[in-house]
Every structure is written in C-alpha cells, then in structure tokens.
Amino acid sequence: MKNDSYFMAQAIAEAQKSLNEGGIPIGAVLVVDGEVVGRGHNRLLQAESAILHGEMDCIESAGRLRGADYQKSTFYTTLSPCTMCSGAIMLYNIHRVVIGENTTLIGPEELLRESGVEVEVLGVAECRELLERYIKENPDIWEAELERVGYSTD
C-alpha cells in the first residue's frame with residue numbers, strides 16, 4: 001500500500017522538476033483513493049506567472065474533479081502552503097494536507113486546521129535542503145518573491 005512517504009517522494013520529484021527548469025523547487029501532488037490525480041510544481045519564474053505556485057499548478061493539472069473527490073483527497077506539498085494556496089485547499093474542501101517541511105517558510109497552517117483540514121508536517125530533510133540550497137544560490141530571486149506576496153525577509 002502506498003503511504004505518505006511514497007506520495008511525498010512524488011511531490012519532491014515535482015520540486016526537482018521545477019529546479020531543473022530554472023524555477024523555485026516546490027512541488028505538489030493531489031491524491032484520491034490512493035492514486036495521483038494531479039501533479040504540479042512552482043512555475044512562477046518559468047511562466048512569468050503571479051499564481052503558479054506548486055499547489056496551484058497541481059490543482060489545475062487535476063482538472064475539474066467532483067466535489068466528493070476533493071473532499072476525500074490528500075494534498076502533498078513540499079513546503080507549507082501560502083495564503084493563496086491554503087485558500088484553494090479550503091475552497092475545494094480538500095480533506096488532508098501533508099507538508100514536507102515548514103521551517104523554511106510557514107503558511108497559515110492554523111487557518112487550515114480551523115477550517116477542518118487535517119494538517120500533518122513530516123519534517124522531510126530533503127524538502128528543506130532542496131529549498132535552502134536554492135535560496136542560498138538565488139537570494140535575490142527568493143527575497144523578491146517573498147516581498148511580492150507580503151512576507152517579511154527580515
């Protein structure tokens with residue numbers, strides 16, 4: 001049986017895909033009934049997009065699912081979802097979110113919990129190391145992206 005580690009590895013592969021394309025290494029997969037129905041990676045830089053975070057790209061790639069499918073789904077993301085991505089998770093009533101790491105950047109996880117979303121943080125070192133290496137090598141890009149969405153870089 002496939003478990004959280006298996007699906008997080010799929011999200012990490014998406015993060016690596018973003019990095020290979022010159023983007024920020026954040027990835028996600030959406031799982032329904034033990035099967036990946038959507039995958040995505042951060043494409044802000046590659047597509048010159050304002051909204052293609054890994055989670056948003058993943059939801060888009062899943063297409064128009066039935067409400068019942070969203071409600072029984074699990075979302076795997078390498079990084080704690082930001083406010084926009086958390087809003088989409090709540091909008092579609094996604095049941096569960098599994099986060100690879102939330103030490104590099106933490107989104108409104110408590111808001112997700114208060115909205116009835118089960119949130120689990122795995123603390124996967126590979127997720128953290130991938131993003132930390134990117135930040136170290138691309139501090140100006142990272143700081144510009146954080147500033148763009150109102151996160152403090154202090």
Please determine whether the number of non-hydrogen atoms from other residues, nucleotides or ligands lying under 6.0 Å from atom [atom1] of [X] exceeds 12.
X: Glu60; atom1: CD; value: no
X: Glu145; atom1: CD; value: yes
X: Glu48; atom1: CD; value: no

For the residue pair [X] and [Y], what are the closest heavy atoms and their distance?
X: Ile51; Y: Met84; answer: O-CE, 3.4 Å
X: Pro108; Y: Ser86; answer: CG-OG, 3.6 Å
X: Ala28; Y: Phe75; answer: CB-CE2, 3.5 Å
X: Gly27; Y: Glu14; answer: CA-CB, 3.8 Å
X: Ser49; Y: Leu52; answer: OG-N, 3.0 Å
X: Glu55; Y: Pro81; answer: OE2-CA, 3.7 Å

Hey, is the main chain of [Y] close enough, under 3.5 Å, to the side chain of [X] for a donor-acceptor pair?
X: Ser18; Y: Asn42; result: yes
X: Thr77; Y: Leu79; result: yes
X: Ser61; Y: Cys58; result: yes
X: Thr78; Y: Cys127; result: no
X: Asn93; Y: Gln71; result: no
X: Ser80; Y: Gly107; result: yes
X: Asn138; Y: Tyr134; result: yes
X: Glu101; Y: Thr104; result: yes

Are any of the side-chain heavy atoms of [X] and [Y] separated by less than 4.5 Å?
X: Ile99; Y: Glu109; value: yes
X: Val97; Y: Glu120; value: no
X: Trp142; Y: Ile24; value: yes
X: Arg113; Y: Val117; value: no
X: Gln10; Y: Tyr6; value: yes

Mind checking the [atom1]-[atom2] spacing from [X] to [Y]? Nearest 0.5 Å is all I need.
X: His53; Y: Thr83; atom1: NE2; atom2: OG1; value: 10.0 Å
X: Leu30; Y: Thr74; atom1: CG; atom2: OG1; value: 8.0 Å
X: Glu126; Y: Ile12; atom1: CD; atom2: CD1; value: 4.0 Å
X: Asp33; Y: Ser73; atom1: CG; atom2: OG; value: 10.0 Å
X: Ile89; Y: Arg96; atom1: CD1; atom2: CZ; value: 12.5 Å
X: Gln46; Y: Asp57; atom1: CD; atom2: CG; value: 9.0 Å

Starting from [Y], can I reach [X] by hopping between I/L/V/M/F/W/Y residues whose side chains sit under 4.5 Å apart?
X: Met56; Y: Leu65; answer: no
X: Leu122; Y: Leu131; answer: no
X: Val32; Y: Ile94; answer: yes
X: Leu45; Y: Leu130; answer: yes
X: Val37; Y: Tyr76; answer: no

>> Using side-chain contact (heavy atoms from CB on, under 4.5 Å), reason through Leu146 and Leu105 one step at a time and then give a plain yes or no.
In response: CA-CA 10 Å; Leu146 290 181; Leu105 187 71; 4.0 Å; yes
> Does a side-chain N-to-carboxylate-O contact under 4.0 Å join Lys2 and Glu35?
Replying inline: yes
> Are Asp69 and Arg64 ion-paired here, with the side-chain N under 4.0 Å from a carboxylate O?
Replying inline: no
> Using a distance-only test with no angle check, is there a side-chain donor-acceptor pair under 3.5 angstrom linking Glu21 and His41?
Replying inline: yes
